[in-house]
Amino acid sequence: METINKTDTGKISKEVSLMDVDTVALDDANDAVVIIDQTKLPGTIELVSLRTAQEIWDAIYLLRVRGAPAIGVTAAFGMYVLAKGMPMDDFDSFYREFVQKRDYLDSSRPTAVNLSWALKRMDGVVRASHEAGRSVPGILEDLKTEAEAIRNEDIAVCRKIGEYGLSLIGDGDGILTHCNAGRLAAVRYGTATAPIYLGQERGCHLRVFCDETRPLLQGARLTAFELSASGIDTTLICDNMASCVMGQGKVQAVLVGCDRIAANGDVANKIGTSGVAVLAKYYGIPFYVLGPTSTVDLKCPDGAHIPIEERQAGEITEKWYTRRMAPPEIKVYNPAFDVTRHELITAIITEKGILYPPFDRVLSKL
Ligand code: MRU
């Protein structure tokens, strides 16, 4: 496997492995957000520097960086980097441009609430610092502190989620996961994978089945890659094999991430998640959703109110194939996420603890 560290200047500086680099990082000296380009995985580990609003927007939309927490951290660092280039001598001009760039980044993907959550936090810092009488250069310092806090919290939060999650699974268990809610979707540890990584640190042997996750194959390209690179017992299956492995008794728990948790406990996650939940219910396997409380959206009453991103037809008909695999005029429906109804969820595992139904009551107390 080719592992290179390449910047947008095209310089290859040293050999790296996935474990050496954060999914999202700030390069303050060069006014850039540095991401692992996830569209190049698993073949190549390529670091890309994002400097302009357009580059950051494209990286999120094109899934160069993806996964709810990682998108949030990218947006936070992105706003700080962009703010560095805004007018410094007049707050009104600074804030006008800040709001315009904030709204632009917010339009890059609709479903993961962590994007708007992080942008709101950055916006809150600007307004609070201004009210406290800080000059624009002072506000800039506060933005950097906030963006770094969002990043550092992500690492701590994922570790806590891992602790809670690990308390629910046993040595030797088979775990099924869908899409990638791993370290590539966060800064480190991931959410759904955090119990798996912590378990490994503590000598607990888990066998993980990764759904390949059509159509963009985040399970095959990302989860199978990062888990096996970490030495975890990993088996890749096609999405339509989940029922088979569950029926064979190979799965003791399902762990998935989430992009938005509505007030009643309905959860949006990568397309196909709800089908896995239905299967888990049928086979009597616990279905756990793992995510930070920043993914909870109490303003959203239920799953029907979660905006679901629809993506281009070519992701189904052409991408990954050497030639088109569908008739030229065929109608295509390509929702990127689906909603798992709260009745199908055994527990939601957050950094604040394990939440059991009735979710509406426990979520409102968070
Ligand atoms: O379209 P993606 O790859 O951004 O979808 C990612 C997922 O659905 C993840 O499961 C979710 O964001 C949780 S990541 C910790």
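When a residue number appears, it is its place in the shown sequence, counting from 1. Whatever order the structure lists ligands and atoms in, that order sets their numbers, starting from 1.
Separation of the Phe91 and His130 ring centroids falls under the 6.0 Å cut-off.
Partners of Arg127 according to the side chain to side chain donor-acceptor pair (under 3.5 Å) rule, which considers only residues two or more places apart in sequence or in another chain, are Tyr95, Asp123. Judged as a salt bridge (Lys or Arg N to Asp or Glu O under 4.0 Å), and not counting sequence neighbours, Lys160 has no contacts. In terms of the salt bridge (Lys or Arg N to Asp or Glu O under 4.0 Å) criterion, Asp338 has no residue partners (sequence neighbours excluded).
Side-chain polar atoms of Asp259 and Thr111 form no donor-acceptor pair below 3.5 angstrom.
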May I have the N/O to N/O pairs between ligand 1 and the protein that fall below 3.5 Å, each with atom names and distance to one decimal?
| from | atom 1 | to | atom 2 | distance (Å) |
| --- | --- | --- | --- | --- |
| ligand 1 | 1 (O) | Arg109 | NH1 | 3.3 |
| ligand 1 | 1 (O) | Arg109 | NH2 | 2.8 |
| ligand 1 | 1 (O) | Lys270 | NZ | 2.7 |
| ligand 1 | 3 (O) | Arg66 | NE | 2.8 |
| ligand 1 | 3 (O) | Arg66 | NH2 | 3.1 |
| ligand 1 | 3 (O) | Gln218 | NE2 | 2.9 |
| ligand 1 | 4 (O) | Gly67 | N | 3.0 |
| ligand 1 | 4 (O) | Arg109 | NH1 | 2.7 |
| ligand 1 | 8 (O) | Asp259 | OD1 | 2.9 |
| ligand 1 | 8 (O) | Asn269 | OD1 | 3.1 |
| ligand 1 | 8 (O) | Lys270 | N | 3.2 |
| ligand 1 | 10 (O) | Asn269 | OD1 | 2.6 |
| ligand 1 | 12 (O) | Ala68 | N | 2.9 |
| ligand 1 | 12 (O) | Asp259 | OD1 | 3.2 |
| ligand 1 | 12 (O) | Asp259 | OD2 | 2.9 |

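Side-chain contact between Met86 and Lys101: present, with at least one pair of heavy atoms (C-beta onward) separated by less than 4.5 Å.
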